[in-house]
> 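Submitted below is the structure of interest, expressed as structure tokens.
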Amino acid sequence: MSEHPWGGDDKRPQTQPVAGPAPRHLRKCRVGLVCMLLVAGSAFTVRAQDVNEQYQSALREYRQLLDEKSQEIADEYLEILEQVLGLIEDYSEDLASAGETQQQAHPESIDRLKKGLEDRRYVESHEKLLEDISEVINDIKHIESQHKAKYETNTPKSCRLIRNLRRELVIVADLVEDYSDNQPLDILKDKGIQKYLEQSLKEATRALAEVSRNLSKHGLEVDTLRGAMIPQPPVIVVPPIPPGQDRDWVILSDVDDDGLSRVFADTLKVRRSDRPIFITNPTGGLRITGWDKDYLVAELGYAVSADTRSKERAFASKISLQATDESQGYRITADFPRVTDSRTKILKSVLMVSVPYKNMVSADNSFGDVYVADLGGGLRLQSSYSSINIQDVVGKVLVEGSMGGISISGVEGSLEVSNSYASIAVDDCVGPMDLTNAYELIAISQSRGDVDIVNTGTVRIEDHVGTITVENSYGAITVTDVEGDLTVRNSYNPVVARDISGTTALTNIYSTIEAVEIGGRLSANSDFGNITVDNPRGPIELVGTNGNITLLVDNRLVGRSSVYATHGTIDLTVPSESNLYLKARAIGGKITGKVPVGIRSEGRERSFEFSYGSGQDSLAVSGNNVSIVFNEH
């Protein structure tokens, strides 16, 4: 038994669907659509004002005979309207208690959307609803861009409320598009709907007496009325909806017409922010979002299919959801029985949890996608056979995954991630990072902090501030636009480093190295692969075995630099206007090109020395069994 956040004890049984108190947007927005003919908005409305009252009265009298699918369509759109209004009202209340900076980031398009919902403006026009939602989303994106330019990050607290609202409205916009594009088309294909339309259009053009005579004569046959669009307001009171729900949750009952779907809910008062929240979900999707409330809400929805309805009910009766207050922290547990009959299947399962923002969260999950957002106390997540999406978490983040992609953005704190056979993508994060993967991509962009990477797959890093260390094999490595030092060890695939400001050390075996615009000391070593260096700042140290080295110096090469190769070609180009002391020596090879002085020959050795300007910087080029090709520009 858990304490209910609205007062009293929650004594609801865990083996039956739970209906909690209606959220404020459901209590305010139950609208009566009893007589509206609704399919694909106004384009499929049968001009109710042109159909006589007696015919309409007969339809209302026999509404219990109408097509159930048609009513479900109308109910779904009504729930979408209620959901949008609820999101706006929740946002408005949070904004009222927020600081002045967040209130200034409030776009007027949100107010226009709220007024349209309250005035029932969107009841007959889902196109207008989608248009106004899109306007709000675009306005919020514009504000976020302004904040990013001002604060050099897109995660300032000053725009957190509108950012959360934008994400929720994006999901709702997808729901409206699905309703518009898919659901009405399915209804239009129904033979009952087509028959009803044909009959309705005929009746609408007849006189009142003729309509009355036909109704009396034919007794309003069921086939004539099937498919009429006369929706009724939903009467089932649903539990509070955590922010950020996905479309799969909304259409959970439509997973399989032959399956059995249920929803559990539980709530728990959270009295201390320094205690962790533990979440266990062995099967299915998991969504965790933080909010500014001192209680947690958990909802578990699932769909079960078996060869008989009794077996479905028996299996469902053993599924439970519990929220408990324990000594080590708060715990949410979804429990599923073992599947012993191959004909019994869990078609869909989603656990949605809203938790207080400041609490640390520790979650275990498998066999379902995971979404986590807006946490302020850190996160530990372990999930298998799942894709993982984490956004806007403050504190230490530890993620262990396998067989599913991991996407992380907006983390402010240390980040430790391990995965295998699926990608890791990190964007706009601040803090030290320790990333491990196997045979798949690791990508980092627009982030700050020291990075350690161990992988056996592709590595891509761009627009980063901090020291980077990469231990890799069997995958290409590309690192661009880094303010900091870079160390890379790789094999069997190319290494590319561009626009690195600090000290850079690159090692590769059986593949190439390319280094462009390196601002600090550069060392590059390759076995059985070519090395290409373009416009280094210096000093540099290049060593190649069984491969060619190409060095192009555009500006001053500072300090003492060296290039050494065996069994290959050294292609060297330096500026004629410089202060570079150049010394070249080839043993068992040759020196060619536009050499500025004569070449000395002694046995198997060829060499020359030349000083440009003051010669305060130096470059020594040498090798065994190599060909040195010299050019100047």
Side-chain angles (χ1 to χ4, degrees), residues 12-19 64-76 79 175 178-179 182-193 222-223 226-227 232 234-239 245-266 279-287 298-322 332-353 364-370 383-387 403-404:
R12 299 168 294 189
Q14 295 303 310
T15 58
Q16 296 295 330
V18 176
Q64 67 270 20
L65 303 177
L66 302 181
D67 190 316
E68 181 180 350
K69 185 186 294 185
S70 303
Q71 294 202 35
E72 289 178 356
I73 286 290
D75 289 350
E76 179 180 339
E79 289 178 359
L175 292 177
D178 279 354
Y179 169 85
N182 300 326
Q183 303 275 23
L185 292 178
D186 293 339
I187 292 296
L188 285 172
K189 296 176 183 178
D190 186 81
K191 293 182 179 179
I193 286 289
V222 174
D223 286 344
R226 182 177 301 160
Q232 300 295 309
V235 295
I236 300 175
V237 180
V238 300
Q245 68 174 356
D246 65 7
R247 69 177 70 179
D248 288 342
W249 172 265
V250 176
I251 63 172
L252 181 63
S253 60
D254 297 332
V255 172
D256 191 320
D257 291 340
D258 297 329
L260 175 68
S261 61
R262 291 287 186 268
V263 176
F264 291 120
D266 204 355
I279 301 173
T280 301
N281 185 42
T283 300
L286 175 63
R287 297 181 64 85
E299 293 183 353
L300 174 65
Y302 63 89
V304 177
S305 176
D307 55 343
T308 66
R309 184 65 75 182
S310 61
K311 288 183 180 180
E312 292 174 352
R313 294 194 182 97
F315 187 87
S317 67
K318 299 176 183 178
I319 300 176
S320 66
L321 174 68
Q322 291 184 338
I332 300 171
T333 304
D335 191 23
F336 290 82
R338 180 183 177 186
V339 178
T340 57
D341 186 348
S342 61
R343 291 170 295 185
T344 300
K345 297 178 175 60
I346 300 175
L347 302 177
K348 182 72 175 180
S349 173
V350 182
L351 175 61
M352 302 178 63
V353 184
D364 293 274
N365 189 75
S366 57
F367 302 105
D369 295 344
V370 178
S383 188
S384 303
Y385 306 100
S386 310
S387 67
M403 309 299 289

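By convention here, the first residue in the shown sequence is residue 1. Small disclaimer: the values here were computed from a predicted structure and weren't measured.
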> What pairs with Asp335 under side chain to side chain donor-acceptor pair (under 3.5 Å), at least two apart in sequence or on another chain?
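Not a single residue meets the side chain to side chain donor-acceptor pair (under 3.5 Å) criterion with Asp335.
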> Kindly give the heavy-atom pair with the smallest separation between Pro282 and Ala334, and that separation in Å.
CD-O, 3.1 Å
> Nearest heavy-atom pair of Ser320 and Leu300: which atoms, and what distance?
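Between these two residues, the closest heavy atoms are O-CD2, 4.1 Å.
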> Do Val353 and Asn281 make a side-chain contact, defined as non-hydrogen atoms from C-beta onward lying under 4.5 Å apart?
no
> If you take all heavy atoms of Ile332 and Ala298, which pair is closest and at what distance?
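Between these two residues, the closest heavy atoms are CG2-CB, 3.9 Å.
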> Taking only residues two or more places apart in sequence or in another chain, which ones pass side chain to side chain contact (heavy atoms under 4.5 Å, CB included) with Phe367?
Tyr385
> Where is the tightest heavy-atom contact between Ala306 and Glu312, given as atom of each residue plus distance?
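Closest approach of Ala306 to Glu312: N-OE2, 3.0 Å.
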> Measuring from Ser349:OG to Ile319:CD1, what's the distance to the nearest 0.5 Å?
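Atom-to-atom, Ser349:OG and Ile319:CD1 are 7.5 Å apart.
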> Side chains of Phe336 and Val304: does their closest heavy-atom pair fall under 4.5 Å?
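No, too far: nothing below the 4.5 Å cut-off.
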> Using the test side chain to side chain donor-acceptor pair (under 3.5 Å), find all partners of Ser387 that sit at least two apart in sequence or belong to another chain.
Asp369
> OG1 of Thr280 to CD of Gln322: how many Å apart, nearest 0.5 Å?
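Reported to 0.5 Å precision, the distance equals 11.5 Å.
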> Can you give me the closest heavy-atom contact between Ser383 and Gly368, atom names plus distance?
OG-O, 4.4 Å
> Does any N or O in the side chain of Ser317 come within less than 3.5 Å of the main-chain N or O of Phe315, such that one atom is a donor and the other an acceptor?
no
> Any heavy-atom pair between the side chains of Asn365 and Leu351 that's under 4.5 Å?
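They are not in contact (no side-chain heavy atoms under 4.5 Å apart), so the answer is no.
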